[in-house]
Amino acid sequence: MSEPSTSPSPSSGSAAPPHRYSASLANEIEPKWQAWWAERETFRQPNPGEPGFDASKPKFYCLDMFPYPSGAGLHVGHPEGYTATDILCRYKLMNGFNVLHPMGWDAFGLPAEQYAIQTGVHPAETTRSAIDNFRRQLQRFGFCYDWSREYATIDEDYYRWTQWIFLKLYDAWFDAGAKKARPIAALIEGLESGDLRVGAEGEVAYAAAGAGGIGLLAHDAPGVRRWHELNARERRAFIDDQRLAYLGEQTVNWCPKLGTALANEEVIDGRSERGGHPVVRTPLRQWMFRITAYAERLLEGLGDLDWPNSTKAMQAEWIGRSEGAEIEFVLDVEGADPAIDADVPPMLRVFTTRPDTVFGATYMVVAPEHPLVSAALAKPRPETPVDDLRAYTDAARARSDIERQEAKDKTGVFTGFYAINPATGERIPVWTSDYVLMGYGSGAIMAVPAHDQRDFEFAQAFGLAIRQVVYPSPLYPMWWVGNHTTPEELEGVGDEEGWLGVVADFMGYVTTNEFDPSLYHESFGTIINRRRRPYSDPPPEREGLAGPRTADTPMASGSRRGSVRSTWVEAIQEMKFTSAEDFCARMADPIRVVRQGEAYAEPGRAINSSNDAVDLNGLPTKLAKARAIHWLEHSGAGRRRINYRLRDWLFSRQRYWGEPFPIVFDEHGDHHAVDASKLPVALPPMDDYQPIESDTPTPLLGKATDWVRTTAGEAGVAGLDPDAPVTRETNTMPGWAGSCWYYLRYCDPKNTERLAGEDAERYWMDGGVDLYIGGAEHAVLHLLYARFWHQALHDLGAVTTPEPFTKLFHQGMITGFAYQRPDKSLVPIDEVDESGDDAFVERATGEAVTQVVAKMSKSLKNVINPDDVIAEHGADVFRLYEMYMGPLEASKPWNTRDIVGLSRFMARAWRLCVDEQTGEAVVAETADDGIERLLHKTIAKVGEDIERLSFNTAIAAMIEFVNAASKADTASGGRLTRDQADRFVRILAPFAPHAGEELWAKLDGPPPVSLAGWPEHDPAMLKADEVEVPVQIMGKVRARLMMPADADAKAMEALAMGDERVVELLAGKTVRKVVAVPGRMVNIVAN
RNA sequence: GCCGGAGUGGCGGAAUUGGCAGACGCGGCGGAUUCAAAAUCCGCUUCUGGAAACAGAGUGGGGGUUCGAGUCCCCCCUCCGGCACCA
């Protein structure tokens, strides 16, 4: 293979050696090697079945979150993650992997469209030029992407398959019995054969229900109909309602400023995630994805993923699984006129996580949007305050989400209705209040003011009854111990929560020590530790991942604040015992221990909870719940139920710059799919992007009238008369659509038959994407949507793996410095002067400001442009600096001053191998043993550190090696032998690939070094014969002795005890114990 | 309030399994080289006391377990990210 020639770098200063490593040298060799790689397609990775593919190698699919190519160009944050994956990929290549490392463009999106609105330039034009700029910038970093796989989501060849996936989900339903998606055809088959029937509320009824899982509707449930009992319209409506992609009338988040509706996930604090514009709620008929059907699987699937805890927790929280019960409260309409009350629903169905507190439900609340409120307004009850109620519901509807969240005080109005509490038989009032949300559960609650803080505040505000039905669990055994002393009675209380032993110790403590309330915290710690048994809170009842959270699970909680234990400690602190007698006497009084003015929402023991059919009294909350549910199911008043916070995913946008839906509507308004063979449905050209001003959200594509009005034949709809007039769907897909499956397309980006060839998909996606690196801002949105599509596609046989991303990693944000005035306001960096040692003053005022870390922003003038940094230092130094700043996952400030350290390192490394005068390789004849050992150690360390993405320590190890080698004897002409330099350059190359290639070429290695093997290391060389061992006396290091590395504990002890200084220090003391850890240290205990 | 993280020199950070705290880099100080500067090279650089040897303190604070704790346990504080009237 030929080696590109390097001309001597132009001398910048008169004295600088001609071949010194410098920015100008870097800017010369870097583009040269980039061109070399591109020309030879060094990083082109063939697919299975293609020439050059080696099936004997293992695969490694390493994915970066592809960027949205903005007009502003690359930010320093982009190359952080990209450099990390690049180093790892190069390392894997050197270790004999087939590496898939692709890059592409997430190119549909709002910024390009907004720019088009302002300037009239077509979004495709601005996007294409932004892509060219991004590509240029990324290539300047020398990343080893397989550019032959590049594509953009706006390519028709790509979004054709995005539309295809939409149709796949459109043509599928979620079979709750099988817990997976199946084709619509299977649903129709099931209905026609009679296996499936149609429920009263449009659900699927199963023959096997009852024996099967929870929530399945049985054939014999009330109102269930057979398929043949439905007419054609009903059948169509039923089927359309079952689709994974369905048209739903929803209250949507409409953002007038952006001119589009947004998904729940895109709305934060009542404002749009992008741009922070106000969002209002308005009803709209929109395409939705039935992601809620996958709630359980999306949650369960998290357990097996190697993802950051925070991200798993956020997804779990977003899915929001709650276990509890559904309870029916019959409305008390006795004595009312049946004719008038025909429209009133017979009962209120509520969801609760605390069925054990049903005896404490003293009133009910429905959301202002609840049908019962409309019923109360239409046909008022005798007690209904009609005017107040109307005023309240009107106000609640007008209130934006922001205002709702800001309101603290509980407000509400009585509806005039009463319901019967199924546990107590009491007649309880039904109120409406906006603290109950229509979108969660059934929009109605049973209120238990004694044990729910919100209900408590509401009851206080309106003078409603409060009944305590739970006694604080931690105090319950203490209270019991205070009153019952016989072993039999203690037995009776049960100790399944593990409290009694600790209570016994605490009793011992309070009876033998003086009381000091301020020491309660410490004494608990002491007691718990003295018992030497793992202390555990009652098993978690919180929603989240399945299974107990122990220290071994990735979800283990670091914080125990707010736990039952904290409640206990707080309650005891507040009681301020003064003596042991006081303790025993007051623990006997249950009322004293409940804090005033607050609901007790923690687990405890049930009290005041029994009727003729069920008795919960004395049961711990967990058991009380189970018994309450058992009773509800038997009495028919309710059933066990799992509720999710997750809502269906709103998929329609009213914008231009997105994928069109492959859907048309016929004259009846029924929707039809465009035939898959007729895809893509191309985005029509337009030159007017102004949003349509309208009270009702109107899609922009409506302006393309020639495109919208077409015929079934023209649009490619099978099953309709080709001449039948149809109108196209004018909404477009959101930006998430393209990024939901892009990782699949990389497997086989040119395939025209499938979204990716089967062999390619099976090979690269085997076990999922091996490593996915990107920002934590996508923790919920992109990563949840992509998992949903993937799981659905897996069900439907389009992909082979159940989860897309096996290992996920978030790189931290690169921040910048800013300066803060005493009042905490920030000052741009160009308005600040340094006034001595790390002190800063604001130029305008002369006042002192302090340096703080802040997000890079235009207003703070602290944005770093990667192009500038490369011009000043070169890409290799840039890469090294970003990797050396700190742990990849940490957010770190860019400090321009620090980069020079990596420049110096590169120069030293270069000088280690190259004569700065001649530019020739300089090598020693003989190897220095110490350097050889250090090289082995460094090779091992760098390899391990790359594997665990600890690039900062890997670089530190290489710096150490270069520093040590630079100091080595130079008598033989060089510091490293050719063989040593060869090995060092190979480990340096993944980090600084251009300099790596250049040095490799100088050392006569055949390029590219990128495909040379990773050097071996000999584990025997990592061990020294003699090690320095610290000798501690009472835990303090008092001496350091050289000892044989393989000395055993006895020998070490003897050596330590024989040391002069140790003998001196031990004079007059008795040696109690000696602990010697071979190869580590010796500790002598003496007094 | 809830969930997830973090807190170590002047600064960025290291310490992988409970075993020498501060690797490595920046900055600073001193020196060599130079007419001079840059660059480069060498030495020192946690704090306190001391000329030094050395002694004491030290990983946000308080307690505990252990021969030994930055690391494990308990309590508290601060900061960052996320969620939030979710029944």
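Because only heavy atoms are used, hydrogens play no part in the values below, and waters and symmetry mates are left out as well, while side chains stay in. By convention in this document, chain letters (A, B, ...) are assigned in the order of the sequence lines, proteins followed by strands, and residues within each chain are numbered from 1. The shown structure was predicted, so the numbers you read here are calculated from the model rather than taken from an experiment.
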Next on the checklist: Say we look at B/C29 and B/A38: how far apart would their P atoms be, to the nearest angstrom?
Outcome noted: 12 Å

Checklist entry - Between A/Ser966 and B/C41, does any side-chain N or O lie under 4.0 Å from OP1 or OP2? => result no

Checklist entry - Strictly by modelled atom types, are A/Asp455 and A/Tyr435 linked by a side-chain donor-acceptor pair under 3.5 Å? => result yes

Checklist entry - Does a sphere of radius 6.0 Å around CZ in A/Arg948 hold more than 12 heavy atoms from other residues, nucleotides or ligands, not counting ones at 6.0 Å or beyond? => result yes

Checklist entry - Do the side chain of A/Asp898 and the base of B/C26 come within less than 3.5 angstrom through a donor-acceptor pair of N or O atoms? => result no

Checklist entry - Nearest to the side chain of A/Tyr440 - B/G19, B/C86, B/U40? => result B/C86

Item to check | Sidechain N-carboxylate O distance under 4.0 Å for A/Arg1061, A/Asp1059 | outcome: no

Checklist outcome for this item: To the nearest angstrom, the NZ-P distance between A/Lys941 and B/C24 comes to 12 Å

Checklist entry - Rounded to whole angstroms, how far apart are CZ on A/Arg20 and C1' on B/U40? => result 6 Å

Item to check | Separation of the P atoms in B/G70 and B/U59, to the nearest angstrom | outcome: 7 Å

Next on the checklist: Regarding A/Glu889, tell me which of base, sugar-phosphate or nothing describes its non-hydrogen contacts under 4.0 Å with the strands shown.
Outcome noted: nothing

Item to check | Touch class at under 4.0 angstrom, heavy-atom based, for A/Asn952 against every strand present | outcome: sugar-phosphate

Checklist entry - C1' atom, B/U16 versus B/A21: distance in rounded Å? => result 16 Å

Checklist entry - Counting just side-chain N and O atoms, does A/Tyr884 come under 4.0 Å of either OP1 or OP2 of B/G25? => result no

Item to check | Candidate nucleotides B/G4, B/C41, B/G82, ranked by approach to the side chain of A/Ala313 - the nearest | outcome: B/G4

Checklist entry - Of all the nucleotides listed (B/C26, B/A87, B/C83), which has the minimum atom distance to the side chain of A/Arg897? => result B/C26

Item to check | Separation of atom CE in A/Met1034 from atom P in B/C67, rounded to whole Å | outcome: 10 Å

Item to check | Closest listed nucleotide, where the reference is the side chain of A/Met1081 and the choices are B/G19, B/A15, B/G12 | outcome: B/G19

Checklist entry - Under 4.0 Å between a side-chain N or O of A/Asn309 and OP1 or OP2 of B/G5? => result yes

Next on the checklist: So that I know where these two stand, are A/Tyr881 and A/Trp894 an aromatic pair - ring centroids less than 6.0 Å apart?
Outcome noted: yes

Item to check | Ionic contact status for A/Arg640 with A/Glu323, cut-off 4.0 Å | outcome: yes

Checklist entry - Which part of the nucleic acid, if any, lies within contact of A/Asp452, taking any heavy atom under 4.0 Å across all strands shown: a base, the sugar-phosphate backbone alone, or nothing? => result nothing

Checklist entry - OP1, OP2 of B/A55 versus side-chain N and O of A/Arg1038: anything below 4.0 Å? => result yes

Next on the checklist: As a test of reading the structure: which of B/C24, B/G19, B/G13 is closest to the side chain of A/Val1075, going by heavy atoms?
Outcome noted: B/G19

Next on the checklist: More than 12 heavy atoms of other residues, nucleotides or ligands under 6.0 Å from CD of A/Glu1060: yes or no?
Outcome noted: no

Item to check | A/Arg645 charged N/C atom sitting above A/Trp318 aromatic ring, 6.0 Å / 45° | outcome: yes

Item to check | 5′-ward residue of the pair A/Asn963/A/Phe817 relative to RNA chain B | outcome: A/Phe817

Next on the checklist: Please tell me if A/Arg1080 has a side-chain N or O lying less than 4.0 Å from either OP1 or OP2 of B/U17.
Outcome noted: no

Checklist entry - So, is A/Arg904 near the phosphate of B/G27, with a side-chain N or O under 4.0 Å from OP1 or OP2? => result yes

Item to check | Residue matched to B/C24 through Watson-Crick or wobble contacts both under 3.5 angstrom | outcome: B/G12

Checklist entry - A/Glu317 has a side chain; which of B/G82, B/U16, B/G25 sits nearest to it? => result B/G82

Checklist entry - Using the C1' atom in both, what is the distance from B/C80 to B/C85, to the nearest Å? => result 26 Å

Next on the checklist: Could you tell me how far B/G28 sits from B/G19 if I compare only their P atoms? Round to whole Å.
Outcome noted: 36 Å

Next on the checklist: Any side-chain N or O of A/Arg908 below 4.0 angstrom from OP1/OP2 of B/U40?
Outcome noted: no

Item to check | Under-4.0 Å side-chain N/O to phosphate OP1/OP2 contact, A/Lys1073 with B/C67 | outcome: yes

Next on the checklist: Between B/C76 and B/A84, how far apart are the two C1' atoms, rounded to whole Å?
Outcome noted: 25 Å

Item to check | Nearest to side-chain heavy atoms of A/Arg647, which nucleotide of B/C24, B/C86, B/G19 | outcome: B/C86

Next on the checklist: Please report the distance separating the C1' of B/U17 from the corresponding atom of B/C11, rounded so that it comes out in whole Å.
Outcome noted: 31 Å

